[in-house]
Amino acid sequence: MPVAKAAILAVDVVIAAVCLTAAFWLREGKPVLSPTAWAWSKEFVPYAGVFFFALPVRAAMLFYQRAYRLRGAFSYTAEAIRIFKATAVGSLLIIAFAFVFRGGFAFREFSYSRAVFLLDFLLALVAYLVFHLALRYAQSRFRRRGINLIPTLIVGSNSEAEQMRTELAAAPELGYDVVGVVHGFKQLAELVRDFAIQEVIITDEKASTDKLFEAMMQIDRKRRVEFRFAPNLFNLMPQKTEVEQIGVLPVVTLFQEPLTGAERFVKRASDLLISAIALLVSSPLIAVIAIATKLDSRGPVFFRQERVGMDGRIFLCYKFRTMIADADDSIHREAYLKNIEGAAAANAGNDEEPVFGKVKNDPRITRVGRFLRRTSLDELPQFWNVLIGDMSVVGARPPIPYEVENYEARHRRRLDMKPGITGLWQVSGRNRLTFEEMVRIDLYYIENWSVWLDLKIMFMTLPAVFRGN
């Protein structure tokens, strides 16, 4: 499938190129290429910048509309709507680029033809509709021959389970190969592994959500297993969902991953941009802090510590050293265990100003380190972790491995997204909140993520830093 998707992407890029050049030729009646040299014609030169912008934009909009998602059931109507949206938004972006940037201001006095862009939209719409609908038709023909089917397991002992099995077996063009029907979640993880299951459909209205989530936690996320369930279980499920129809039965997809592919792309792109700018702007400050840290106490400038990232992956988290060299971590280990257990002794502050998860009057912290912690400047090197992909700018606090060892199954859902330098917990009270409150806040962020929520948290971070909160 990756090869097939790459081939489809390549064809889409070619379609974008052909449509724009054809629109220019039809409207202006002039050649696109120079008749005397291997170069653009004089008339097409102002459109050249638009041309190179249009190719990735068309592909990006199709990707955003999930036109390259080739697994599972599909609808020709829904596919046509996705293509229309992708083409329309892509054309609006191309027009905006052309009339705002004017080919990098090299053609400020040039007047672009609106008819060229209108023709480009119409040609692209027709071409993409014909290509992608034909592609879906070919896909359904392959599926009838047993190709491109998803190994599927149905969970349930009711009539809906049998109806689902019959429906999928009778209509292979829907894209499912029912490996079997089971009555519970007891051996679900083993069955998924042994039979390379990629999709689990739950039809039993009496299914235990606790056992379902326990089974999901036991399945390696790298297997990319999708969970779907009957609508009457919808109100019991807290995670993001999507309603679809498979044959005659409506089903709800339970996303094991909190973000879609497009959302992950947006979040990663913003992380790269922000972290690169932050490291560049703060480089003089980083140099000053490095010198102060070195002069204050013996030891390295940077402190590297193993932290647990998304899906339980271990990575090295970078911070400015705020403790004496080779400090013993057993003090913090004991304090944080009390915090997870919810013990009263976990409060290192007082009733009026509680402090959870910290060591009271920690003797290991240096003078410069105390200032860095109070101002959160010790976390500046974590922008490097963001840049290389271990962390995000916004997310949950990255836990230490010995903390995660004491997590319950529900606590591990904090690891469904990349940890962040700042986050909803950090701007909502930080160490004044108990461990359970922190978990609830982190899960709320994961289940309700949006670009606007990230922006809001970023804007709330600076005042919190200035207040020392």
Side-chain angles (χ1 to χ4, degrees), residues 56-57 60-61 63-66 85-86 89-90 92-93 96-97 100-101 238-242 255 257-283 285-286 307 309-311 315 317-319 375-399 413-433 437-469:
V57 163
M61 289 302 99
F63 174 81
Y64 182 78
Q65 291 295 333
R66 303 174 73 186
K85 288 180 179 179
V89 174
L92 289 174
L93 291 174
F97 178 84
V100 172
F101 293 96
Q239 289 201 358
K240 290 185 176 182
T241 55
E242 179 179 75
F255 289 116
E257 293 193 23
L259 303 185
T260 64
E263 289 172 335
R264 286 197 304 274
F265 173 80
V266 171
K267 189 167 176 62
R268 180 60 184 148
S270 63
D271 282 342
L272 287 171
L273 179 63
I274 293 171
S275 59
I277 294 174
L279 288 171
L280 182 65
V281 171
S282 64
S283 55
L285 180 59
I286 290 174
R307 295 292 181 108
M310 188 173 74
D311 300 331
F315 69 96
C317 181
Y318 294 91
K319 300 176 70 175
T375 57
S376 297
L377 291 174
D378 61 318
E379 298 179 3
L380 276 177
Q382 289 180 11
F383 280 109
W384 174 253
N385 287 113
V386 176
L387 195 65
I388 62 178
D390 292 329
M391 294 178 64
S392 178
V393 174
V394 181
R397 169 189 168 273
R413 287 180 54 206
R414 294 185 66 243
L415 309 178
D416 280 354
M417 285 177 67
K418 289 181 181 179
I421 297 176
T422 186
L424 194 56
W425 167 74
Q426 288 90 324
V427 299
S428 300
R430 199 169 181 174
N431 298 118
R432 293 196 300 274
L433 303 177
E437 289 171 332
M438 178 190 73
V439 171
R440 285 199 296 271
I441 287 174
D442 286 341
L443 296 187
Y444 174 87
Y445 169 76
I446 290 172
E447 293 172 3
N448 295 276
W449 179 87
S450 69
V451 173
W452 306 116
L453 180 58
D454 269 7
L455 288 174
K456 183 177 181 180
I457 292 171
M458 289 180 202
F459 284 124
M460 293 172 65
T461 298
L462 287 178
V465 169
F466 291 142
R467 291 193 306 265
N469 293 333

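Numbers here simply count residues along the sequence, with the first being 1.
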S.K.: For L279 versus I286, what's the shortest heavy-atom pair and its separation?
M.R.: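 Looking at all heavy atoms of both residues, the shortest contact is CD2-CD1, 4.4 Å.
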S.K.: Roughly how far, to the nearest 0.5 Å, is the OG atom of S450 from the NZ atom of K267?
M.R.: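 Rounded to the nearest 0.5 Å, the NZ-OG separation comes to 9.5 Å.
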S.K.: Taking all atoms of both residues into account, what is the closest heavy-atom pair of P398 and G420, and its distance?
M.R.: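 What the structure gives for the nearest pair is CD-O, 3.9 Å.
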S.K.: To the nearest 0.5 Å, tell me how far K418 NZ sits from D271 CG.
M.R.: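 Here the rounded value is 6.5 Å.
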S.K.: Locate the shortest heavy-atom distance separating R414 from L443; write the atom from each residue and the value.
M.R.: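 Nearest pair, atom of R414 first, then L443: N-CD2, 3.9 Å.
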S.K.: Judged by atom type as modelled, is there a donor-acceptor pair below 3.5 Å linking the side chain of S282 to the main-chain atoms of L285?
M.R.: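 No, because the side chain of S282 does not come within donor-acceptor range (under 3.5 Å) of the backbone of L285.
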S.K.: Testing the basics here: between Y318 and N385, what is the closest heavy-atom pair and its distance to 0.1 Å?
M.R.: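 Heavy-atom minimum between the residues: N-OD1, 3.0 Å.
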S.K.: Measure across G395 and Y445 and return the closest heavy-atom pair with its distance rounded to 0.1 Å.
M.R.: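 Closest heavy-atom pair between G395 and Y445: CA-CE2, 3.9 Å.
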S.K.: Which heavy atom of L387 sits nearest to which heavy atom of L272, and what is that distance?
M.R.: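 Scanning both residues, the minimum pair turns out to be O-CD2, 3.6 Å.
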S.K.: For the backbone of D442 and the side chain of R397, can you confirm whether one donor and one acceptor N or O come within less than 3.5 Å of each other?
M.R.: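 Such a contact is absent between R397 side chain and D442 backbone.
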S.K.: Return the CD to NZ distance between E379 and K319, rounded to the nearest 0.5 Å.
M.R.: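 The distance works out to 5.0 Å.
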S.K.: Counting only heavy atoms from other residues, nucleotides and ligands, does the tally under 6.0 Å from OH of Y64 exceed 12?
M.R.: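 Open.
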S.K.: Measure the CG-CG distance between L424 and D454 for me, rounded to the nearest 0.5 Å.
M.R.: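 Rounded to the nearest 0.5 Å, the CG-CG separation comes out at 10.0 Å.
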S.K.: Taking side chain to side chain contact (heavy atoms under 4.5 Å, CB included) as the criterion, tell me which of T461, I421, I457 meets it with V394.
M.R.: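 That would be I457; it is the only one of T461, I421, I457 passing the side chain to side chain contact (heavy atoms under 4.5 Å, CB included) with V394.
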S.K.: What's the spacing between T422 OG1 and F459 CZ if we round to 0.5 Å?
M.R.: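 Output value for this atom pair is 12.5 Å.
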